[in-house]
Each structure stands twice: as C-alpha cells, then as structure tokens.
A.B. asks: 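Could you have a look at this structure, given as structure tokens, before my questions?
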Amino acid sequence: MAEMTQRQKYDLKRKIEELKKCKGRHTELISLYVPPSKQIFDVNSYLKNEFSQSQNIKSKTTMKNVLSAIESIMSRLKKYKQPPENGIIFFVGHKSVSGDKTEMVAFEIEPPMPIVTFLYRCDSLFYLEPLEAMMVEKEIYGLFLIDRRECTIGVLKGNRINLLKYMTSQVPGKHGRGGQSQRRFERLTEIAAHEWFVKCGEQASEVFLAEKDIKGILVGGPGPTKQYFVEEKYLHYEIQEKIIDTFDTGYTDEFGLRELVSNASETMSSLKISQEKKLMKRFLKEVTKTEGSLAVYGEFQIRKALEMGVVDTILLSESLRKYRIKLICNSCNYSEKRTVTEEELNEFKYPRCPKCDTSNLMEISEKIDIIDEFSDLAEKTSCKVELISIGSEDGDSLLSAFDGVAGILRYPVDL
Ligand SMILES: [Zn+2]
C-alpha cells in the first residue's frame, strides 16, 4: 500500500482514540485481526467455533452481547471474497455508556501495513497494540560506527535496529613494536588505516545505497576517527550528502548502534519538527506584515478563504477537537450550522427552533470533525493541508494564538 497521507493518518489516529475510550461492562469487546493471507472461509469457521463456545458464558447479558458481536462480524465478513491487501481488523462489541446502558460499536479498519498474525480477542477493552505499532513512523536511518579497529553498519527502521555488517581491521596500534624504524612504522600504519577506511566506506555505501528511503545517516564512534572519516569523504557522494551528524559512542559494535540511536534521538526528533517549524515561520512572517499580508487565521476567516479558493496552505493543529454540526428543525426545515468542542457536544443542549418555535427541539443532522471539513474544502481547490503536531512550541502557539487554524493565501485578499 502506498504511504498513508497525513489525512488518513489523522483519521486513523482519531479512530484509535475513540476505540481506546470504549469499555465493556464485562469481557465482551471483540478484536479480530485477519492477515491478508488468511482465507475468509477459515475465519468464518473460527468464528462459528467461538460462537458455540460463547454459549457457555455464565452471565446472560454478556453472552448475548458476545454472540451478537460475533454475528455482526460474520455478516460483515460476507462482503469479502478475500481479505484486502493488508488484511482487515474488526473491533465490535457493546461498550458501556451511562448507568446500565450499553451501545453497540463496530469498526472495520484496513490497516496501513500488512497484519502478520491472525488474532481473536474478547476482552473488556479493545486490543489496539498491533494497530498502534503500525502507526509508528517507519522512517529509515543509516547507522555507521567506525574507529581504527572496528566498523559496524546498521539501519534504524521505526524503533527497530538491524545490524547489517560488522568488520574488524588489521590496522596496527599507534605505537611501534620496536625493531622497525618509528617513521616507517607510522607510514605503514597510515596506509593500512587508509585502506581500512576505503573498505568501510565502500561497504557502507553499498549497504546504504541499496536501502531506498534512507532519511539520513548517523555516524558514531569514540574519538576523532569518525570526523576524519566524514571529512575525508570515504562514503559515496550520495550517501555522504545524507550524513546528519557525528555522535560520540563508547563502542563500535552492536551495542554501539543502540548508543548511537539514543545519543542522536534528540537530533532526529528535531528534524521531524523542522518541516512544521518552517511552515509556521512562513505563516508568522506573513502575520507581522502590515501590507500585502498572506496570513489568514481563525475558523471563520479560514472557512471563507477556503470557499473563495484563495488559500495556498492551511495549517491545522492536530489537537483541534471541534466538530461542525448542522442543526435542523423537523417542523419547518430551518437549519443552521455551528462549531462545537468535544466537551460541548457531550453535554449538548438542543435548542428550540428560532423560526417556528415549536415545542420540539432541533436535532443534529450532520456532524463532521472540523479537520475533515477543512480538509474537504481544501481538496476542492488544491490547497495543501498540513497538520501541526501537538507538544511542539509551534503547535502550541498555533492552538493558543490562532484557534488552531491558520493559512497562507495565494495572494493578498480582503476578507
Ligand atoms: Zn422550525
């Protein structure tokens, strides 16, 4: 499957958030992971078996809830001849709402990566760990450790470190063993070291060139050898360009790889947010302009600008938790739209119709996450959408100073 778009990632994140909140009164929430290679027929027989076993559950309500969840999954399975490309996950069950009440929830999720193991679980919570693990950014970094004695080549994929090559050198130590003239010894040592670096450079280049999407290379090792190696450009020029930085490590073996990743982690997370920083900087620069500013912010203005099709990029805070709802009066058909926060929605007081003033309250006929609403509007006019993550300085100022919604216009417009 192609890389998920930001939007798809966001939608999936929100679904996971929602699923996390579901609690069963007993063990009655079913999570089912079906790998792409699994036959639907086999899944069905598995469920049939679970169905008959669940009839032994002591509590009547729990049994009823489990059985109806299994039935619901089985009927949903009917539309598949085979699992989708990455398999399919079902989260189905009765979550507890208020008091004694429960409410049936059913999610069908096509994961961003192939499911590896078939898994059925019935618990009081949904089993989300395998799905969450797929959400971790799978960025690839090259890892390279070197000194005059050892060289280790590896890659970091997501959180996993793979050792790919380990080599040791024949370069003698710095001090002569006597017998030879010191100068001659030193010259031979330097030749041996040079050959060692050439060999390491070639091997590392070969390994890293074969990895397609390497984001950057982290170089480590004790002492100054690593800097020398980088400065003398022993790596292929394409790989050389990807070097992020050098980091001190105590070891140059497999253990050193872990050291390298932990010492470089701060640098790597700042790389990730540097893209967001750039965008926020561009926006803030526009905000301060007194004439011909391209900045636009706040929900109302952004919506207007999007409808006019004049926005180049919108920046949305990932922690915006707002919904756009449509209220409708069933007597006179009067409708209006409002934006409400998640909390407001949870305790929503339905208003009376301002037009006909019947005793019936208005109803919510549409509800959309405001990030989805803006993304839809943006798509229509090929405006770029960037989600700014929470917890960063930029993300926080976007949320607090600009309502979590900002944009950069294509040209100055009076709104
Ligand atoms: Zn009305």
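Every value quoted in this text rests on a predicted model; they were computed, and no experiment measured them. Both counts, for ligands and for their atoms, begin at 1 and track the order of listing.
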A.B. asks: For the aromatic rings, using the six-membered ring if either is Trp, is the centroid distance between Tyr33 and Phe90 under 6.0 Å?
C.D. replies: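 For Tyr33 and Phe90, the ring centres are not under 6.0 Å apart.
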A.B. asks: Indicate whether any N or O donor in one side chain lies under 3.5 Å from an N or O acceptor in the other, for Ser169 and Glu150.
C.D. replies: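 There is no such pair between these side chains.
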A.B. asks: Does a salt bridge link Lys322 with Glu342, judged by any charged N lying under 4.0 Å from a carboxylate O?
C.D. replies: no
A.B. asks: Please tell me whether Tyr350 and Phe348 form a close aromatic pair, meaning their ring centres lie under 6.0 Å apart.
C.D. replies: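 Between Tyr350 and Phe348, the centre distance is under 6.0 Å.
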A.B. asks: Between Phe229 and Phe144, is the gap from one ring center to the other below 6.0 Å?
C.D. replies: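 Close enough - the centres of the two rings lie under 6.0 Å apart.
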A.B. asks: Output, by chain and residue number, all protein N/O/S atoms separated from the Zn ion (ligand 1) by less than 2.8 Å.
C.D. replies: Cys329 SG, Cys332 SG, Cys353 SG, Cys356 SG
A.B. asks: So, for Phe107 and Phe126, is the gap between ring centers shorter than 6.0 Å?
C.D. replies: no
